[in-house]
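Comments concern the structure below.
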Amino acid sequence: MSQTSTNLPELPKAYKPSEHEDRVWNQWIAAKAFLADPQRVLRDHAKPYAVFIPPPNVTAALHLGHALNNTIQDILVRAHRMRGYEALWMPGTDHAGIATQAVVEKRVMKEEKKRRSDFQRDEFVAKIQAFKDEYEAVITGQLQKMGCSCDWDRQRFTMDEQCAAAVREAFFRLFRAGLIYRGKRLVNWDPVLQTAVADDECYDEEIDGHFYYLRYPLVHALALEPGATRAGAGKGHTHEIDPKPVTWDELASRGYPGANDHPADQQAWITVATTRPETYLGDTAVAINPHDPRATALRGLFVELPLVGRVIPIVEDSYVVLPERYARNDEEKNDPKAKMATGFLKVTPAHDPNDYEIGMRHGLPMVNMMGPDGRVSDKHGWSDVGDAHLLVGLPREKARAKVVEEFKARTVGTESLFEGSKPTRHSVKHSDRSKAIVEPYLSDQWYVRVTDPRMAQAANAVLKKASGTGHQASGDTEGGVTFFPERYAKTYEDWHNGIRDWCISRQLWWGHRIPVWSGHSTGGWQDDPNDIGHRIKKWQAEGRVQLQHRVVELADALSKSNPSEDSFESVCVRSLDDAEVIQALETNGFHQDPDVLDTWFSSALWPLSTLGWPDPSKFNPQMNAGLLEAFNPSQVLCTAREIITLWVSRMVMFNGYLKAPGTGHPALAKPDETSDASASAQSLLPSASSVPFHHVFIHAVIQDGEGRKMSKSLGNGVDPLDIIATHGADAMRFTLCHMATNTQDVRMPVKKDPSGKNTSEKFDLGRNFATKLWNASKFALSMIGARDEETKRSRDEVGAGGGETSSLRLSVSPSLLDRWMLSRLASGFAEVEHALANYEFHEYAQSLYDLLWRDFCDWYLEGVKPTIAQSPAQQAVLGNALSAIVRMLHPAMPYVTEVIWEHLGKVKIARVDGVRLTHDDRFALDDTLKSRVATGLLCHQAWPHVSKALRDEAAEKTFDRMRSLVTMIRDVRATHQVKPSQRIKLLVPAQASEFVMHADVKPLLMTFAGLEAVEARPAGAPPEASVAFTFESAEFLIPGIGGSKETEAARLTKQIVDLEKSVATLEGRLANPGYADRAPPAMVQQTRDELTKKKGELDAAKAALAKVS
RNA sequence: GGGCGGGUAGCUCAGCGGCUAGAGCAUUCGCCUUACACGCGAAGGGUCCAGGGUUCGAAUCCCUGCCUGCCCA
């Protein structure tokens, strides 16, 4: 064939990824192949297909989980780009506040032996910035090596100036609308890092501890009205109370069970159980279950906290676990807490989330007895110290021991205040970053009021259930947000239904600093233009600042907060660079809040900030022009399920709120435009078009072989670059795509390679497939290149570029093999389309794997060998099939397909009816698209279209019959040790000759089965050394290969066993009385036919066996 | 505690009312058949976690239990 010279360079012997990947990548970049043009969308020349990358955080390099995530996005983006959509894949990274700061703190400690506090804030932030630059480059490099077709000219970082401007504006608008407020709440406090940490930044770990049993003396507090009890705590009000001991005698008369067991004239007590005795300093009540038989007797009584002297009420709350002896049923009895419980719960609202809830229910005061460093302190909301001053200043553990010691040393009546302790193992929250035990801590934090109907409720309102057909992956939806797989919609909905306000302040240095300056105005707000209060008002009227008088939350009012804070003013400054305002505020004693925003605040703005919101003309005006209009809403967000609550929800809420009419464009902002939250709430509910994306695709999490999540700390992470080095980027991508099944997790057993790197042999699948594609293409190209004169002539009439403009039609009706191949191609195409439309990536990969390997390589290429050189028609089918397959594979394997295309794209391929390899006219073939096609790069060529009309059931059925006959002959050859190179003769019985001798079938049979002749079986006894086998009840003979009778007998015996099994199954089915009556008649008939056939084959096989033995 | 998954061949996973339950890897046998040994041909290998129910028919739908993973409290 090679002597028929073409001017095409031969493809190299093997595909070596490392020899091509960088070169191909540079071609894409040089051609600006991934640069989106919003104008095409705005001029209505193309539909948009936008995807925002979930910005990887800059703390570490990417692992295979990210590789999967980005492979999926690239597949979607590349497929849509080929379909003519205007594709934008927005790349970037996330600053990941606490995680990054912690990593850098650790690094600085290791390298310089210094703490954060040894640096100025700016100095330390610069160090983190440098670290970020380093890892951002690593991550970007990883994504590019993977071949990710992001719009790299538009890469963003959540803390760059453009994103910072978006954060500022969003904060301002939310603040102005009253959706951001400052409040005292219980947070998870890390006493080492001295910051609040989010729930997801904590982990639970069981530790050994004790339950301590402390006795609190019972008193009357008659001087107080029950409703006024809150005055009893804090600030030295205790002297107004005259606590009068309650005796056991009195308790007995009130009907208190067991009171008689104690000395009648002595002071009575109750016992609380706690694992953290030191927090008793913050107790503001003791709670008892209303169903506890002791509750009635205690109603109206108080206890006096030892040492402190605080008199606190006994409240009834069904949260309290009944002790074992009072359990009302088995469930209560078996509650492990019941064994440890006394029935009395000390209530410390400022130091325990459950107690906080009880405190809220009963209107209890909040007493904070601890400083931010975790030591007992009387400086942070605790003033009625009493004799407890000897505990002040002690760290948690020491205070605990001291409390126990003091209780032991004291008595109530003649009995010890300390009843005892029991060892216990309990789960305690620890901080991810410092590993310290997290303290529930009452502190001042900023909150987003996501409980507002414009937030959580609105986010649920835009939720759309996936429709049954689901052919919507192109994002051509009417709006709303749809989850794939559908079940995740529930996670999203439940989250919003139970949502609590979102604490957004973090006591960190790395992040967006909260743009609020607080201080005292002169208080008068008089008309003196130099008065700061007056100026703030003026700026507010101009839309430059927003003033918030200190918002007093319930918890706040209850805690005895610093009275001087009561007249605090918080001023949110809108613009980053409004120097006049900032300077004036600071001169007047206002200070910017030292805290930064939770990372997810800026992440929540990602679909807006990356597109230039709120003012695309301010930064990168050329790149940003039109972006926002063209690409928000985007089409799909691809992420993992734990992100639903952290990120998806918040993007929907922010995008919805900030894009809703009336929240104010900066240029149009009016001072009176917002503020009243509830009045305008209804009109501000987001429309379906204000969603940040239409689809959310949740993909599997990659685990190691033991089912653990991949992570740096476990050391089970696999670096995509290692896989790319050993297997190639395409192999990795295809394998990951193939693994992306509709399940929650996939396991990836990890091995160490000789150099100690983590790897996995699972990627052999993709590497082998890439090689197969390469070789098939190489071979197919050589076939198309091998032309006779007639073909050469026709080449002038056909177009270049793999059929782009060809008009030649097939003049010869295609052979069975060609009809079969086109039918398979049509099925494969339909499967691919369906899979991509429904985010079924495994099915996408599997369909193409089978189409290329099983159909195209195993059968079509083999079958075509003897005929293709003489058949232009067959060359056309081959060319179309290969071109379509290569195009469909490009999104998954962009490099190898692009290299193949360098050759395939130059070959002229005649058109085949039903296969379209040009751009769909749904899209305007405008100059932009034309110039892209003209680059000759595969990534800009058209996605194929294969008509359903090419499905040919008859051809497939005939082909399958031929194929089973081939398999039988091959089986005979294998069992009789016939060399592959040895041609054999097939003798065909008369009853089968119509099928076998058919011009469609016979040549294929000869090719596939290695036959030198197919002849009618002569009458009479079989020739010497013949082997007989039956196919469709007809006995075929292969002469000259039969050696051992034993071999043949064994083969037949096995066949008989199989057939008997089939017959038994089928007979059993028909013997079932209900089957014939109730199953569909067609199916019953099919079973009968099948049985007849199998019985025939069985008889024949038995007869053959009889002859052999 | 609430919610969501998974338990199918030695391993990793498909199949989710009706083909003798499939694929890749691994295993066995035969092949350097000239696109491909990262390959070709053939073969072995499964009480589809357990128990109950619905159905003519269940790996597939329902219930219970066991094991296992994740998310949210």
Side-chain angles (χ1 to χ4, degrees), chain A residues 1-2 10-11 13-15 199-200 204 335 353 485 487-488 490-491 493-495 498-500 640-646 698 700-701 703 705-709 727-728 731 735 738-739 741-749 760-783 842-843 846 849-850 853-854 857-858 861-862 865 966-967 969-983 1008-1010 1054 1058-1066 1068-1080 1082-1084 1086-1087 1090 1094:
Chain A
M1 282 169 215
S2 54
E10 292 257 316
L11 283 177
K13 277 248 180 302
Y15 176 71
D199 286 335
D200 51 279
D204 287 319
D335 185 339
R487 69 182 113 97
Y488 292 111
K490 190 172 159 52
T491 309
E493 251 184 323
D494 289 352
W495 164 254
I499 203 166
R500 295 194 292 179
R641 63 186 171 282
E642 78 256 25
I643 301 302
I644 295 171
T645 56
L646 292 172
I698 303 293
V701 168
Q703 305 173 332
E706 274 80 58
R708 298 172 306 185
K709 208 152 115 181
H727 290 74
T735 307
H738 191 264
M739 287 172 69
T741 57
N742 182 15
T743 176
Q744 290 201 150
D745 328 287
V746 287
R747 287 192 183 198
M748 166 86 63
S760 169
E761 59 189 29
K762 290 204 80 167
F763 293 100
D764 292 354
L765 172 81
R767 184 198 49 191
N768 297 351
F769 186 62
T771 306
K772 190 73 179 176
L773 173 65
W774 179 259
N775 283 303
S777 301
K778 185 173 69 170
F779 182 61
L781 282 166
S782 75
M783 297 288 193
H842 167 79
E843 283 72 17
Q846 188 66 46
Y849 186 97
D850 290 340
W853 202 314
R854 302 275 83 99
C857 292
D858 287 355
L861 285 186
E862 292 302 324
K865 282 177 179 173
V966 167
T967 304
I969 300 170
R970 284 175 174 175
D971 180 25
V972 171
R973 292 182 65 125
T975 34
H976 290 277
Q977 315 266 326
V978 179
K979 298 269 181 211
S981 51
Q982 188 186 333
R983 305 290 94 169
F1008 291 123
K1054 178 186 157 282
D1058 285 352
L1059 285 166
E1060 278 175 338
K1061 210 169 111 191
S1062 302
V1063 168
T1065 307
L1066 294 166
R1069 195 176 299 166
L1070 288 165
N1072 185 331
Y1075 183 66
D1077 298 342
R1078 313 187 64 159
M1083 178 165 294
V1084 178
Q1086 194 187 313
T1087 311
E1090 186 72 10
K1094 292 290 176 193

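Just so we're on the same page: letters track the sequence lines, and every chain starts at 1.
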Taking the [atom1] atom of each, how far is [N] from [M], in whole Å?
| N | M | atom1 | answer |
| --- | --- | --- | --- |
| C13(B) | U28(B) | C1' | 23 Å |
| A58(B) | C40(B) | C1' | 39 Å |
| C25(B) | U34(B) | C1' | 29 Å |
| G22(B) | C16(B) | P | 14 Å |
| G10(B) | U27(B) | C1' | 9 Å |
| G45(B) | C56(B) | C1' | 32 Å |
| A23(B) | C4(B) | C1' | 28 Å |
| G30(B) | G69(B) | P | 44 Å |

Proximity to the side chain of [X] - top-ranked nucleotide from [options]:
| X | options | result |
| --- | --- | --- |
| Gln703(A) | C72(B), C56(B), G69(B) | G69(B) |
| Lys772(A) | C11(B), C19(B), A35(B) | A35(B) |
| Tyr849(A) | G18(B), G24(B), G15(B) | G24(B) |
| Gln846(A) | C31(B), C4(B), A23(B) | A23(B) |
| Lys979(A) | G6(B), C31(B), C56(B) | C31(B) |
| Asn1072(A) | C36(B), C13(B), G57(B) | G57(B) |
| Glu862(A) | G30(B), C36(B), A43(B) | C36(B) |
| Arg747(A) | U68(B), C56(B), C38(B) | U68(B) |
| Pro980(A) | C31(B), G6(B), C40(B) | C31(B) |
| Leu861(A) | A35(B), C56(B), U20(B) | A35(B) |

Nearest-angstrom distance from the residue atom [atom1] of [X] to [atom2] of [N]:
| X | N | atom1 | atom2 | answer |
| --- | --- | --- | --- | --- |
| Phe769(A) | A23(B) | CZ | P | 17 Å |
| Lys13(A) | G39(B) | NZ | C1' | 14 Å |
| His976(A) | G41(B) | NE2 | C1' | 16 Å |
| His842(A) | A23(B) | NE2 | P | 13 Å |
| Leu1066(A) | G57(B) | CG | C1' | 14 Å |
| Glu761(A) | G10(B) | CD | P | 17 Å |
| Arg1069(A) | G18(B) | CZ | C1' | 6 Å |
| Lys1061(A) | A21(B) | NZ | C1' | 11 Å |

Closest-nucleotide ordering on RNA chain B, the 5'-leading residue of Ser981(A) and Leu1059(A) = Leu1059(A)
task = Specify the residue among Leu765(A) and Asp745(A) whose closest nucleotide of RNA chain B lies further upstream toward the 5′ end.
result =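 Looking at RNA chain B, the more 5' nearest nucleotide goes with Leu765(A).
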Is there a Watson-Crick or G-U wobble partner for [N] with both distances under 3.5 Å, and which nucleotide is it?
| N | result |
| --- | --- |
| C4(B) | G69(B) |
| A21(B) | none |
| A59(B) | none |
| G46(B) | none |
| C29(B) | G41(B) |
| A9(B) | none |

inquiry  = Could you check whether Arg854(A) pairs with Asp850(A) (Lys NZ or Arg NE/NH1/NH2 to Asp/Glu carboxylate O, under 4.0 Å)?
reply    =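 No, no charged N to carboxylate O under 4.0 Å.
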Would you please confirm or rule out a distance under 4.0 Å between OP1 or OP2 of [N] and any side-chain N or O of [X]?
| X | N | answer |
| --- | --- | --- |
| Trp495(A) | G2(B) | no |
| Lys865(A) | U34(B) | no |
| Thr491(A) | C71(B) | no |
| Arg970(A) | U33(B) | no |
| Asn768(A) | G39(B) | yes |
| Arg854(A) | G24(B) | yes |

note = Minimal heavy-atom distance between Lys13(A) and Asn775(A), with the atoms involved, is O-OD1, 3.7 Å
message = Give me the atom names and distance for the closest heavy-atom approach of Thr735(A) to Gly766(A).
response =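 Scanning both residues completely, I find the closest heavy atoms to be OG1-N, 3.2 Å.
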task = On the 0 to 90° scale, with breaks at 30° and 60°, tag the Tyr849(A)-Phe769(A) ring pair as parallel, tilted or perpendicular.
result =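 Plane angle under 30°, so parallel.
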request  = Check every strand shown and say whether Pro1073(A) touches a base, only sugar-phosphate, or nothing at a heavy-atom separation below 4.0 Å.
outcome  = nothing
request  = Check step by step if side-chain contact (heavy atoms from CB on, under 4.5 Å) holds for Arg970(A) and Phe1008(A).
outcome  = CA-CA 9 Å; Arg970(A) 284 175 174 175; Phe1008(A) 291 123; 4.2 Å; yes
query = Rounded to the nearest 0.5 Å, what separation is found between the NZ atom of Lys1054(A) and the CG atom of Leu1059(A)?
reply =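 Answer for the NZ-CG pair, Lys1054(A) versus Leu1059(A), is 9.5 Å.
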ask   = Between Asn742(A) and His842(A), do the side chains contain an N or O donor and an N or O acceptor separated by less than 3.5 Å?
value =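 The criterion, which ignores hydrogens and geometry beyond distance, is not satisfied for His842(A) and Asn742(A).
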pair Ser777(A)-Trp774(A): side-chain heavy atoms closer than 4.5 Å = no
request  = Could you tell me whether a side-chain N or O of Arg1069(A) sits under 3.5 Å from a main-chain N or O of Thr1087(A), the two making a donor and an acceptor?
outcome  = no
